[in-house]
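To keep things clear, I will list the structure first and then write my remarks on it.
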Amino acid sequence: MERLTGGYRPYLLLSLLCLFLYLPGLASVPPLDRDESRFVQATRQMLETGDFIRIQFQHDMRAKKPVGAYWLQAASVRLFSDTASHAVWPYRLPSALSAWAAVLMTFAFGRHLFGRQPALLGAALLASCLILVTEAHQAKTDALMLACAVAAQGALGRFYLGAKGSAALPGIGVALVFWVAIGLSILVKGPVVPTITLLTILALVIADKQAVWLVGLRPITGVVVAASIAAPWFVAISQATGGAFVGEAVKSDLLPKLLGAQESHGGWPGTYLALAAVTMWPASLLLWPSLIAAWRLRLRPEVRYCLAWVVPAWVMFEIVPTKLPHYVLPTFPALCLLMAAAVIGGAPILNSRGAKLWYGLWSLIALVLAATVVIAPLKYGEGFAWMSIPSALAIAGTGLLTTVLALRGRMRGAAMALVVTAATAFPVVFEGVLPQLDSLFVSRAAAALVAERPHRGPVVVAGYAEPSLVFLLGTDTVLTDGANAAVNLTKGPAYLSLVADREERDFLAAAAANNIRPVVVGMVKGFNYSRGKPVTLTAYAVEATP
């Protein structure tokens, strides 16, 4: 560890780890429904129209998130691709780079808290978490928000430790980093990171009964800096939409999440605690024993700061009715640093009977993932894949090796084995397994079917409205019902309609009423995971008149 943490080696090692974890699958996994595909389609429309203020999905205003992620995706597409391309990896690149930046900043910040060895291990554990690997592969806001959160919380932590005498007092440059990160985070995902930061400050002020250390952040100047970053676009979008964007965002996105389970994404308080074993996998091996160790050392400034980062924010997310696994991601850097500190510090709780029982239960997750690698192609792919056997054995083997090391009390070895487990499992899953699950990617199959048949005008789709299909077929794709899909065929034999099974009866009835004799020219069967139901898409046209 001493050799690994010297000079620039940690940054190089962490960069190589991120490359190994985040690159496989970035180009080969098709666009995912629904959020990712809405993002990439809205970004494409910005590039098509040249309007970088308003956010549109086809003809509808998309008042869900601010513009930051869309701008970064648009810049990436401009550099590496074009709007006519259906390649999704340029849209995903900002997320992958942001995940990488979050990992490097976790090390840079963590070394001021716990030293270079715990910081390196903590950053590696963060890089390896399932939920971060997943977000790095998706063109959304969450990896970008994590990078902003680490920058803001890292800078805040420097001021807190400086006031406690645990580190040198930072200067105006660190304060500037804090406020720039706050401003960028608002432009990416609204009030989430500022809320987490405010909760952290409140927890520390209440625990320590003092707030003088906040003066170093230069709040008045800082608010001006943050506002100068975020405010111009909010003013521009308000003018462009007559104030409708902000009002719709609050009414249709923010308030529904606070008051109820939006889009059926609900759960009881405690849901995130129950999911942590999976969302943090494989680092979750160390989670519960490390939290107990941290609580026992909560008077130490570095531990107190991480707990203030994690606990209030986690409680807030547990209380909010709408729940998605990635919501608690901004707390993961602090959790991973606490886990690494417990390992490097040799916390006795890591070798307790309760901890060893947890290690045994944790190993079941590795076995389930290994089994999934074999079963998924059988259920959703073309059948048994021989490559899945060595992959499953590698995943199960490294997972069980980690458990054995932990049970024997060799916690440093176990922690390093966790990183090896992630490096073994995730590239296989994202590059070798997911892209082959053809039944799950109905839009990809439908787009391939359409590409094989020359047609005129936009494709009309009835009963299947997933955003990924719009991205793959083009902005002018018409999403409608069965009756209108039948009317589309009255234009002539060069036109094409895709009809889902749930709209087929109405389609055929409307076709008969309009004296149309539709001909089946292709069919796609699969599983619509957004709705949790099987779906069949049938391509119809009419025969040319002799």
Side-chain angles (χ1 to χ4, degrees), residues 31 34-83 88 90-99 101-102 135 138-149 151-152 179-196 223-257 326-327 329-330 467 470-471 475:
R34 292 176 173 141
D35 276 359
E36 181 185 44
S37 293
R38 288 169 176 159
F39 270 99
V40 298
Q41 177 57 32
T43 298
R44 171 191 276 172
Q45 290 181 220
M46 280 188 171
L47 292 166
E48 289 174 341
T49 62
D51 184 352
F52 292 93
I53 300 299
R54 290 179 292 184
I55 304 169
Q56 300 281 123
F57 182 86
Q58 293 194 300
H59 302 295
D60 297 327
M61 179 174 65
R62 178 164 164 75
K64 293 288 185 181
K65 301 292 183 293
V67 78
Y70 302 98
W71 281 351
L72 290 174
Q73 291 174 18
S76 179
V77 174
R78 277 278 177 86
L79 285 172
F80 302 109
S81 185
D82 58 74
T83 56
V88 72
Y91 298 86
R92 290 171 172 165
L93 190 58
S95 291
L97 293 176
S98 296
E135 293 301 328
Q138 296 186 66
K140 301 195 304 176
T141 59
D142 297 284
L144 280 66
M145 182 186 66
L146 178 66
C148 293
W179 291 108
V180 169
I182 292 295
L184 291 175
S185 74
I186 294 171
L187 209 54
V188 168
K189 205 167 183 176
V192 177
V193 172
T195 300
I196 293 172
V223 169
V224 174
V225 170
S228 67
I229 294 172
W233 176 78
F234 281 98
V235 172
I237 191 64
S238 295
Q239 292 177 345
T241 62
F245 182 92
V246 175
E248 186 67 19
V250 173
K251 182 178 69 174
S252 300
D253 189 45
L254 181 60
L255 288 180
K257 288 178 179 177
H326 58 263
Y327 280 5
L329 179 59
V470 177
F471 175 74
T475 303

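The figures here come from the full heavy-atom set of this structure, side chains too, leaving out hydrogens, waters and symmetry mates.
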Main-chain N/O of [Y] paired with [X] side-chain donor or acceptor, under 3.5 Å:
| X | Y | value |
| --- | --- | --- |
| W179 | V223 | no |
| S76 | Q73 | no |
| S37 | R34 | no |
| E135 | H326 | no |

Closest non-hydrogen atom pair, [X] against [Y]:
| X | Y | value |
| --- | --- | --- |
| L146 | P330 | CD1-CA, 3.9 Å |
| A74 | T43 | N-CG2, 3.4 Å |
| P90 | S81 | CG-CB, 3.6 Å |
| W233 | I53 | NE1-O, 3.0 Å |
| A139 | S95 | CA-OG, 3.9 Å |
| V193 | A152 | CG1-CB, 4.3 Å |

**OP:** Please list, chain by chain and in numerical order, all residues satisfying side chain to side chain donor-acceptor pair (under 3.5 Å) with Q41, sequence neighbours excluded.
**Re:**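 If we apply the side chain to side chain donor-acceptor pair (under 3.5 Å) test to Q41, skipping adjacent residues, the hits are Q45, T475.
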Rounded at 0.5 Å granularity, tell me how far [atom1] in [X] sits from [atom2] in [Y].
| X | Y | atom1 | atom2 | answer |
| --- | --- | --- | --- | --- |
| C148 | I196 | SG | CD1 | 11.0 Å |
| T141 | Y70 | OG1 | OH | 8.0 Å |
| Y327 | D142 | OH | CG | 8.5 Å |
| K189 | K65 | NZ | NZ | 5.5 Å |
| D82 | E48 | CG | CD | 10.5 Å |
| T49 | R54 | OG1 | CZ | 8.0 Å |

Kindly indicate whether the side chain of [X], heavy atoms from C-beta on, has any atom under 4.5 Å from the side chain of [Y].
| X | Y | value |
| --- | --- | --- |
| M61 | Q56 | yes |
| V40 | R92 | no |
| V67 | I237 | no |

**OP:** Going by the side-chain contact (heavy atoms from CB on, under 4.5 Å) test, name the single residue among R62, R44, Q138 that passes it with F39.
**Re:**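 Only one of R62, R44, Q138 forms a side-chain contact (heavy atoms from CB on, under 4.5 Å) with F39, namely R62.
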